[in-house]
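Notes follow the structure.
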There are 2 protein chains.
Amino acid sequence: MDKTKNHGAGQLGTSKVAEPVSLGSVPVANAVARSLRERIQSNVLQPGEWLREARLCREFGVGRSVARRALRILGEDGLVDIEENRGARVSATTVEEVFDLYEIRAALYGLAVRVACMRASDAEIANYLADIDQLLEAAGEEQPAERIIALSEKIFSAMAGHASADAQKMISSVRRKTRFHYSYVALAINAQAAGPYEHWRKVRAALVARDAEQASQSARNILYFMQGEVARIMLSRGSRPLASAAAAP
Amino acid sequence: MDKTKNHGAGQLGTSKVAEPVSLGSVPVANAVARSLRERIQSNVLQPGEWLREARLCREFGVGRSVARRALRILGEDGLVDIEENRGARVSATTVEEVFDLYEIRAALYGLAVRVACMRASDAEIANYLADIDQLLEAAGEEQPAERIIALSEKIFSAMAGHASADAQKMISSVRRKTRFHYSYVALAINAQAAGPYEHWRKVRAALVARDAEQASQSARNILYFMQGEVARIMLSRGSRPLASAAAAP
DNA sequence: CTCAAGAAAATATTCAACAATAATGATCAT
DNA sequence: ATGATCATTATTGTTGAATATTTTCTTGAG
C-alpha cells in the first residue's frame, strides 16, 4: 500500500502515527490501546465499527502482535467486543449491561466490606469510620458528585485490600469497566438528594458493631441504589453515550 | 542442544514428547497445559518448583509461545504462580487461599441466585425447585458426596445462566480454581451429617416466594458453611495436597 | 432464485529474533 | 576475610513475520 490518504471520514487517525507512542519502556500495546480508548470514548470511533488488525498496523505503524494485544486490552475493558475468528468492534453499551455491571459490583463490594469488617484492625476500622464521616459530610455540603464518587471508591478500594489477590483482581476489573459510565453516576447522585447515604450510615454502624453480614448487606444496598438510579437516568436520556467524566483514583 | 538425556530425576516428562499432543485442530497450548496440570495434581511436579520456559520447549517439542501460553493458562487456574520477569513456579495451595476462594464463591453464587430469583420464568423456577428437591433427596439417601457436589454445581450453573456474560465469566473462573479442591469438599460433606441442607431448604422457600435477597443470603450461607468445613478439614490434615477428585459437570 | 464450490479476506497460531530484566560470580579495595 | 561494584549469564518479555484456519464473498450452474 502507498502512503495512504488520511483525509476521509471514518479514518482511525488524523495522521499515520496518531500518537507519539512515546512510551518506550512501557509496552507499546498499552499506548495503542490508550489512543483507541480516547477515540472510542470521544465517539470518533462509533459503536459497531470494526477495528481491523491490518488497519491498526498501518495507522500506528506497529506489527500485528501489538495491534492484537491492544484489542485484547480494550476487550478486557469492555470497550470492544471481540468475536472469535471475526474480529473486534466497538461495543455499544446498553442499559442492560450497565445494570448487570452494578449487580457484579454489589456482589464484589459486598465481599470487600465483609472481609474488611472481619479482618481489619481496630485502627483500620477507625480510619474507615473517619472516611465514611468525611463522605457523609461532603454529601451534606452538596459537594460535586465527582467528589462523592471519589470518596466512595477510595473507601471501597481500601477495604478491598483485605480481600484475596483473586478478589482484588476481579474488583479492579469491574472497576475498570464501570469507570466509563461515571458521568451517569454523577447525574444519578445529583438527581437524587436522598442518595445512598442512609445505607452508608448503616455500613458505619455495622462496622462499629463488627457485624460483617450487616455491613455487607448495606454496602450491597448502596450499589443496588446506584444501579436503579443509573438505569433510570440512562433510560430517560435514551441511553445514548455521554462524554466520559474524570475517572476515580 | 543435543537430543538430551531423559533419565534424570526431576525431569518434567518421561520422554521427550510427554504426550502425543495430538490435538491438532485444538490449540496445542491447551494440551501442554493439560499435561502439566496432571503432573502438578499428581505431585510429580512439586510446589515451589520452577517451570522454565526453555525446558518446556524441549520437553514438549514446542515453541516458546505455546509454552508461555500454557503457563498463563495454568496461572489462570491458580496452579502456578507467575512472577514478573522471574518465571512460573508450581503454587502451593494454602488453607488461606482456599478459604478466600470460598469468599468469592459466596459472593458470585449469591449473585447468580439473586438474578435467577428475579429473572427466571415460573417454569424455570419450577425446574430449580425440582433440582433442589432432588439434591435434598440425595442427601437423605446419603449418596456419595461427589453426587451432592455435582447436583449443587448443576443448580448454580443453571442459575448463573441468568447473569450477565461478565458475571458468568467470573463464575466459571472461580469454579475452575476450586475444581481442584473438591476432594476436600467431599470429605467435608461426609464429615458433617447436617450439611448445608437447611440453607438449601431456605433457598427453595425463597425461590417460591420470589424473595431474591433471602434466596441470595441463604445461597451465600451454603458457601460459608462449606468454607468453614473445608478449612477445618484441611487444617486437621495439615493441608497437604490430596489426589484430585472427579470434577463437576 | 437457490445453492454449492471456490476464491478472497480476515483472524488465529506458532516460531524465531531481539530487548530487557534479574541472578550469578569475579574482582578489587579495605 | 569482607563487602561492594561491575561484568557475565541465564531467563523472561516483546515483537514481527510466516503459516494455518476460519469466515465471508463471489460466481455460476441448475
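Keep in mind that the numbers below use all heavy atoms, side chains included, and drop hydrogens, waters and symmetry copies. Within every chain, numbering begins at 1; the chains are lettered A, B, ... in the order of the sequence lines, protein sequences first and strands thereafter.
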Considering only nitrogen or oxygen atoms on both sides, find all protein atoms under 3.5 Å from nucleotides 15-17 of chain C and state each distance.
unit_1	atom_1	unit_2	atom_2	d
C/dC15	OP1	B/G63	N	3.3
C/dC15	OP2	B/G63	N	2.6
C/dC15	N4	B/S65	OG	2.9

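- A donor-acceptor pair is defined here as one N or O able to donate and one able to accept, closer than 3.5 Å; such a pair exists between the side chain of A/Q168 and the backbone of A/A163.
- Atom pair A/R72:CZ and C/dT13:P shows a separation of 8 Å (rounding to whole Å applied).
- B/S157 places a side-chain N or O within 3.5 Å of a backbone atom of B/E153 that can act as its donor or acceptor partner.
- Taking atom CG on A/N85 and atom P on D/dT22, their separation rounds to 7 Å, with Å as the unit.
- Considering B/E103, B/R232, B/R105 in turn, B/E103 is the only one that fulfils the side-chain hydrogen bond (donor to acceptor under 3.5 Å, both in side chains) rule with B/Q227.
- Between the CZ atom of A/R52 and the P atom of D/dT23 there is a distance of 14 Å, rounded to whole Å.
- Formation of a donor-acceptor pair under 3.5 Å by the A/Y128 side chain with backbone atoms of A/A158 is found in this model.
- Salt bridge annotation for B/D77-B/K177: absent, with no cationic side-chain nitrogen under 4.0 angstrom from a carboxylate oxygen.
- Rounded to whole Å, atom P of D/dA17 lies 16 Å from atom CZ of A/R69.
- Between B/L45 and the choices B/V80, B/V90, B/L79, the side chain to side chain contact (heavy atoms under 4.5 Å, CB included) rule is met once, by B/V90.
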Inset, instruction - Please report the C-alpha distance between B/R86 and B/W50 in whole Å, then the side-chain angles of each, then the deciding distance to 0.1 Å, and finally whether the side chain to side chain contact (heavy atoms under 4.5 Å, CB included) criterion is met. - result: CA-CA 9 Å; B/R86 306 229 315 122; B/W50 287 105; 3.5 Å; yes
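- Rounded to 10 degrees, the angle separating the terminal axes of the helix from C/dC1-D/dG30 to C/dT30-D/dA1 is 10°, with each axis obtained from five end pairs.
- For the residue pair B/R220/B/S216, the side-chain donor-acceptor check at 3.5 Å is satisfied.
- Side-chain contact, B/Y224 with B/E229: no donor N or O sits under 3.5 Å from an acceptor N or O.
- Remark: P of D/dT14 and CZ of A/R68 are 16 Å apart, rounded to the nearest angstrom.
- The distance from atom CD of B/E84 to atom C1' of D/dT12 is 9 Å, rounded to the nearest whole Å.
- Between A/L56 atom CG and D/dT15 atom P the separation is 14 Å, expressed in whole Å.
- Counting to the nearest Å, the P atom of D/dA10 and the CZ atom of B/R58 are 12 Å from each other.
- When the side-chain nitrogen and oxygen atoms of B/R86 are compared with OP1 and OP2 of C/dA23, one or more of them lie within a distance under 4.0 Å.
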